[in-house]
Each structure stands twice: as C-alpha cells, then as structure tokens.
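Taking it in order: structure first as structure tokens, then the write-up.
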Amino acid sequence: MLRPIVICICLLLANLPSAFAKDMLPVSRLDTILETGVLKVGSTGDYKPFSFKDPTSGAFSGFDIDQAESLASALGVKLEIVPTSWPQMLQDFEAGKFDVAMGGVSITFDRQKKGLFSIPYMREGKTPIARCTDKDKFKTLADIDKPETTVIANPGGTNEKFARTSLKQAKIVIFPDNTKIFDEVAAGRADLMMTDASETRYQEKLHSGVLCAIHPDEPFNFAEKAYWVQRDIALKAFVDQWLHQSIETGAYNEIYNKWFK
C-alpha cells in the first residue's frame, strides 16, 4: 500500500534541484542588456583614432565608437558611452560600470583575470614616435635607453608599463593629458613616446613633417587589441559573433578605412 507513495516522494525529491535550477542560475549580462535596452560601453576618449571625447560638446567619436554603435545596433539596443580613464579603467570595470570596454584596449593578463576578451581585431605592438629630425637616433631600445633621453608616457596604461619595464637609464616623464602628449614631443619637451604602432601612424599624419613613426611595421613587442567584456559567456559569444560577421561582411573594413586610411 505504501509503495506508490514512497515512489512519488522519491520522484519529487529527485526533481527538486531541477525545479529550483532556473531561479538559482545567475542572470546573464546579455539578457540584462536586452531587457534594459541599453549597452554600456566604457571608453577613455583620449586615444585617437580609437576614441576621442570633444572637450566642448562632450561627444565621443572614433573607430571604436563607430564599432560600439554597430554592436548596439546588432543587439537592437541604445548605446551609452561611460567615460573612464586608463588609470581608472580596471576599477570601473570591476565595479560593473559598463558592459564592454572599447577604445583601443590591448589584451593583457591583468585585464584577462578580471573579464573576458573578444576575438582580437588588430595586431600590433609598441614602437617609437619622435621628431622627424631624430628618427634615426631611436631605432632600438638600446638607442633609447640612455640617461640623456627623455621618454614621455601617459599614466596607467600599457604605454607606461612598457616604458618602465623596458628602460633602466632613460628619464621617463608621465604626462596626464593623452590628447596633448604628442605636442610635448613636437615641442622638444620630450624626445619620444613609445606607443601602439597604429597610434604612431595616426599621429604622424596629424603632425606631418614634424613627428615620424619609427618602424611601425616592426614593433618592439607583440600585442593585440580586442573588446574587454564583463565575465559573461553569453555576452562574449555575442560580441565574438558580431565582430566575426562584421569582418567577413566588410562592415569592419568600411569603418577601419574611415579612420585609418
């Protein structure tokens, strides 16, 4: 007589985990973005041509801002740019102030510990940019690493880290405004800056005949740029698929040519 009751109780107990499983699962950040209708993108606004914040209007523009618009469009949501800075980016990321960091962000192990990276979209590395009259003086790290050389760097990012780990004798000056840092080199208040090859090419165009990128096709190290995503597998998978589709359909190249060609 009790056997059917025992069986029912056992089946009920066996099904308890699945009954509660849905409520116990963490909410995907991707689902939250879709529910709120807003994609929050962190960007520094001081790294042309990837991201630039107009000091007057406060509007953001650049290669990765256009990319962020494309990503938001693919998600079917609005884009909200969240201002951050290189020294503050890690803390803002950990605080969850934005879903994705976009704006020339390089892949690093320290950042990987805190979040996930999309598939890379650009391969490059650190290389010097100096006044054109000095371009033959700073071809190697040995050429640069001398007591009489002044190297300028912006604070808190991979440029400062590379300078400090690569140079032992040269004077390293940290300049807080990354939008004006190349003017310091042009004016002779610093001998050179070591930054990503893409930025040296761009700044060479902006300072034509004054500043020259030094061997940007043969940088000192290996680096890749990608989009830094909060630790959510579903969101990373969507960003990867969007970026893959963008590259394969030519949408990526269209935006790339707008800013880099």
Under a 4.5 Å cut-off applied to non-hydrogen side-chain atoms, are [X] and [Y] in contact?
X	Y	result
E224	F117	no
T127	H215	yes
F60	P83	yes
L34	F238	no
E80	V82	yes
L235	S28	no
D217	R201	yes
C132	V210	no

Hey, do the aromatic rings of [X] and [Y] have their centres closer than 6.0 Å?
X	Y	result
F260	F50	yes
Y227	Y121	yes
F175	F182	no

(message) For E218, is the CD atom crowded, meaning more than 12 foreign heavy atoms sit under 6.0 Å from it?
(response)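 Incorrect, the count does not exceed 12.
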(message) Please determine whether the number of non-hydrogen atoms from other residues, nucleotides or ligands lying under 6.0 Å from atom CZ of R189 exceeds 12.
(response)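 It does: R189 CZ has more than 12 such atoms within range.
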(message) Let's go through I172 and R164 carefully: what are the C-alpha distance in whole Å and the side-chain angles of both, what is the deciding distance for side chain to side chain contact (heavy atoms under 4.5 Å, CB included) to 0.1 Å, and is it a yes or a no?
(response) CA-CA 8 Å; I172 299 173; R164 294 197 184 282; 4.1 Å; yes
How far apart are the closest heavy atoms of [X] and [Y], and which atoms are they?
X	Y	answer
T200	P216	OG1-CB, 4.0 Å
E204	I129	N-CD1, 4.1 Å
M193	V185	N-CG2, 4.3 Å
D143	T149	O-OG1, 4.3 Å
I65	S43	CD1-OG, 3.9 Å
V105	R111	CG1-NH1, 3.6 Å

Quick check for you: to the nearest 0.5 Å, what is the distance between [X] atom [atom1] and [Y] atom [atom2]?
X	Y	atom1	atom2	result
S61	W259	OG	CH2	4.5 Å
N178	N159	CG	CG	7.0 Å
Q230	T32	CD	OG1	11.5 Å
S166	M194	OG	CE	5.5 Å
I33	L71	CD1	CG	8.0 Å
K78	T36	NZ	OG1	11.0 Å

(request) Apply side chain to side chain contact (heavy atoms under 4.5 Å, CB included) to the pair L79 and V41, showing each step before the final yes or no. (result) CA-CA 7 Å; L79 173 65; V41 170; 3.5 Å; yes
(request) Verify side chain to side chain contact (heavy atoms under 4.5 Å, CB included) between F63 and Y47, making sure each step is shown before the conclusion. (result) CA-CA 10 Å; F63 170 78; Y47 187 11; over 6 Å; no
(message) Assess the residue pair E199 and Q203 against the criterion (side-chain hydrogen bond (donor to acceptor under 3.5 Å, both in side chains)); give the C-alpha distance rounded to whole Å, side-chain angles, the decisive distance to 0.1 Å, and a yes or no.
(response) CA-CA 6 Å; E199 187 175 32; Q203 290 296 331; 4.6 Å; no
(request) Check whether NZ of the Lys or CZ of the Arg K205 lies under 6.0 Å from the centre of the six-membered ring of Y202 and within 45 degrees of that ring's axis. (result)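 Here K205 fails the 6.0 Å and 45° test against Y202.
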(request) Spell out, yes or no, whether I181 and I174 are grouped together once hydrophobic residues are joined by side-chain heavy atoms under 4.5 Å, including indirect joins. (result)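 Result: no, two separate clusters.
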(request) Would you mind checking if D191 and R131 are paired as a salt bridge, meaning a charged N to carboxylate O distance below 4.0 Å? (result)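 The answer is yes: the pair qualifies as a salt bridge.
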(message) One thing to verify: whether K180 and D183 come together as a salt bridge, which I'm taking to mean a side-chain N less than 4.0 angstrom from a carboxylate O.
(response)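 Result for this pair is no, no salt bridge flagged.
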I'd like a table of donor-acceptor pairs (distance under 3.5 Å, sequence neighbours excluded) in which one partner is a side-chain atom from residues 85-104, with atom names and distances.
residue : atom : partner : partner atom : Å
S85     : OG   : Q88     : N            : 3.3
W86     : NE1  : D46     : OD1          : 3.1
Q88     : NE2  : D92     : OD1          : 3.3
D92     : OD1  : K97     : NZ           : 3.3
D92     : OD2  : T84     : OG1          : 2.8
E94     : OE2  : K114    : NZ           : 3.1
D99     : OD1  : R29     : NE           : 2.6
D99     : OD1  : R29     : NH2          : 3.2
D99     : OD2  : K40     : N            : 2.8

(request) Sort out for me which residue in V239, D240, D232 forms a side chain to side chain contact (heavy atoms under 4.5 Å, CB included) with K236. (result)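 Of the listed residues V239, D240, D232, the side chain to side chain contact (heavy atoms under 4.5 Å, CB included) partner of K236 is D240.
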(request) Please list, chain by chain and in numerical order, all residues satisfying side-chain hydrogen bond (donor to acceptor under 3.5 Å, both in side chains) with D177, sequence neighbours excluded. (result)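 Only T179 meet the side-chain hydrogen bond (donor to acceptor under 3.5 Å, both in side chains) criterion with D177.
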(message) Does anything in residues 56-72 form a salt bridge (Lys or Arg N to Asp or Glu O under 4.0 Å)? List the pairs, not counting sequence neighbours.
(response)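 Those involving residues 56-72 are D66-K258.
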(request) Give a yes or no on whether the backbone of L167 and the side-chain of D145 come within a donor-acceptor separation of less than 3.5 Å. (result)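 Not at all, since once roles are kept as given, no pair shorter than 3.5 Å links the two residues.
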(request) Verify side chain to side chain contact (heavy atoms under 4.5 Å, CB included) between E124 and S106, making sure each step is shown before the conclusion. (result) CA-CA 10 Å; E124 55 183 357; S106 297; 5.6 Å; no
(request) Go through the steps for K126 and T158 under the test side-chain hydrogen bond (donor to acceptor under 3.5 Å, both in side chains), then give the verdict. (result) CA-CA 9 Å; K126 303 299 180 188; T158 56; 2.8 Å; yes
